[in-house]
Trainee: 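Below: one structure in structure tokens.
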Amino acid sequence: MGRWPGARARSARSCAATRRSGRNRRGRGELDLAEVALEILPALDILPGLPPLDPFAGGTLAEALHEPEPDSLADWLASARAMAALAIGSEDRTRQALYAAIGRAWDFALAAEAEPDDFAQLVAEAGLALQARAPLIPVVKLVFGAQYDKTRLTEYATALAHAHRLGLSRGELAGFLGETPGGLKGVVAAERRLRRSEEGQARIDPRAALEASLRTLPAGTLDDVPAEGREFSLVMVRRMPDGRLAVLGEVLDDEPLLERAARRLMQ
């Protein structure tokens, strides 16, 4: 497990004047989601095949947080996009709504891991592309809008990548963001430090580079391995930080490797 590349030009000069006067009244360092909304809202209806976001369609943040769990991947996406809309329209303009939206985006990412074909279809219908080097960018683009600020999209995707690294389960990321010193910025900084450390190790340690690549693979279960096939086969597993045993995939069409593994197992 980018921000929106260029939001549409804002035509109303009054919007800019309102933002300037609002900034004069705000204290330095406060996150103003109303200002963010002015950048996001023009882009929220551009994804084909998905309903436009209504910031008030989901009711209050508390109501959205206690909605029943979605049944399908498309429902997970709709739920995540509604949470993003609530973050934009949050009257109290606190970080709680933003963190809840990022947390719901992580829930959608977990659902997408379980349904890769449906996820690929949603990505294609939105005119996006899957990215091997940045697999979580399409997730945040689907949730927050493909034309949103690119820097913010990158930060949100980095937060999801950190959740993937830690093996966070569904519903855990929003609380994690709120409890981490520095909040979203702190989590993003921590993930980037870890990446730089891994990249530095990779220059001198090929195995570290390989392990870093393996950590980007979706964490599945034995149920994801097809029941049909050869009697004996090799499966790669990963021991997750939370103690779970994740199945990364089946190794096919490598007879010498299968034979070596079998001999080692029989020793």
Side-chain angles (χ1 to χ4, degrees), residues 1-7 36 39-40 43-44 46-48 50 73 76-77 80-81 83-84 87 98-99 101-168 170 172-174 176-177 180 184-203 208-220 238 240-241 246 248-249:
M1 13 1 281
R3 262 26 18 146
W4 290 270
V36 174
E39 299 182 27
I40 301 176
L44 291 178
I46 68 165
L47 297 182
L50 295 175
L73 185 60
W76 273 112
L77 177 55
R81 297 185 80 228
M83 190 70 75
L98 176 63
Y99 290 176
I102 297 172
R104 190 58 58 88
W106 173 238
D107 297 343
F108 168 61
L110 291 175
E113 280 189 353
E115 300 182 54
D117 292 340
D118 290 347
F119 177 63
Q121 182 176 350
L122 286 174
V123 170
E125 289 175 351
L128 303 174
L130 296 173
Q131 303 179 35
R133 291 178 59 85
L136 291 167
I137 290 294
V139 171
V140 293
K141 284 185 176 181
L142 282 172
V143 172
F144 291 92
Q147 300 302 314
Y148 185 48
D149 179 74
K150 188 174 182 179
T151 300
R152 291 192 178 107
L153 276 179
T154 301
E155 287 183 345
Y156 298 169
T158 302
L160 300 193
H162 199 65
H164 183 273
R165 178 189 297 275
L166 298 179
L168 295 185
R170 187 172 293 162
E172 293 183 344
L173 179 55
F176 178 78
L177 290 170
T180 300
L184 172 62
K185 297 292 186 182
V187 169
V188 170
E191 176 63 22
R192 287 174 176 169
R193 282 195 301 270
L194 289 168
R195 287 182 183 176
R196 287 194 296 268
S197 175
E198 290 172 349
E199 290 169 357
Q201 284 183 322
R203 295 188 184 99
L210 180 60
E211 290 178 350
S213 297
L214 287 172
R215 292 189 187 98
T216 67
L217 296 177
R238 176 190 175 195
M240 303 295 287
L248 302 184

Trainee: Identify the two heavy atoms, one from A120 and one from L130, that lie closest to each other, and give their separation to 0.1 Å.
Mentor: CB-CD1, 4.2 Å
Trainee: Just how far is it from atom CD of Q131 to atom NZ of K141, taken to the nearest 0.5 Å?
Mentor: 5.5 Å
Trainee: Go through the structure and list residues passing side-chain contact (heavy atoms from CB on, under 4.5 Å) with F176, not counting sequence neighbours.
Mentor: H162, L166, L168, L173, T180, V187
Trainee: What's the shortest heavy-atom distance between A109 and V139, and which atoms?
Mentor: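 Residues A109 and V139, closest heavy atoms: CB-CG1, 4.1 Å.
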Trainee: Would you name the heavy atoms of P135 and A132 that are closest together and state the gap between them?
Mentor: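 Closest heavy-atom pair between P135 and A132: CD-O, 3.6 Å.
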Trainee: Working to the nearest 0.5 angstrom, can you tell me the gap between L77 CG and L73 CG?
Mentor: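 With rounding to 0.5 Å, CG (L77) is 7.0 Å from CG (L73).
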Trainee: Give, for atom CD1 of I137 and atom OG1 of T158, the distance between the pair rounded to the nearest 0.5 Å.
Mentor: 7.0 Å
Trainee: Quick one: closest heavy-atom pair of A129 and V123, and the distance?
Mentor: N-CG1, 3.7 Å
Trainee: Residues in side-chain contact (heavy atoms from CB on, under 4.5 Å) with L110, at least two apart?
Mentor: W106, E113, R170
Trainee: Would you give the length of the straight line joining atom CH2 of W76 to atom CG of D107, rounded to the nearest 0.5 angstrom?
Mentor: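 Result: 5.0 Å between the selected atoms.
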Trainee: Do the non-hydrogen side-chain atoms of L217 and L214 ever get within less than 4.5 Å of each other?
Mentor: yes
Trainee: With sequence neighbours left out, write down each residue that passes side-chain contact (heavy atoms from CB on, under 4.5 Å) with A174, or none if nothing qualifies.
Mentor: none
Trainee: Identify, with sequence neighbours excluded, every residue that meets side-chain contact (heavy atoms from CB on, under 4.5 Å) alongside R193.
Mentor: A189, A190, R196
Trainee: If we only count heavy atoms from C-beta on, is the E191 to E155 side-chain gap below 4.5 Å?
Mentor: no
Trainee: Within a strict 4.5 Å, meaning less than it, do heavy atoms of the L122 and E125 side chains meet?
Mentor: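 They are in side-chain contact.
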Trainee: Looking at residues at least two apart in the chain, or sitting in another chain, which of them share a salt bridge (Lys or Arg N to Asp or Glu O under 4.0 Å) with E115?
Mentor: none
Trainee: May I ask you to decide if A84's main-chain N or O and R104's side chain share a donor-acceptor pair within less than 3.5 Å?
Mentor: no
Trainee: If we only count heavy atoms from C-beta on, is the I102 to F144 side-chain gap below 4.5 Å?
Mentor: yes
Trainee: Would you confirm whether H164, through its side chain, and R215, through its main-chain N or O, come within 3.5 Å as a donor-acceptor pair?
Mentor: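 Flag set: sc H164 to bb R215 pair under 3.5 Å.
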Trainee: Under the salt bridge (Lys or Arg N to Asp or Glu O under 4.0 Å) test, which residues partner R238, sequence neighbours left out?
Mentor: none
Trainee: In Å and rounded to the nearest 0.5 Å, what is the CD to CG distance from E172 to L177?
Mentor: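 Result: 12.0 Å between the selected atoms.
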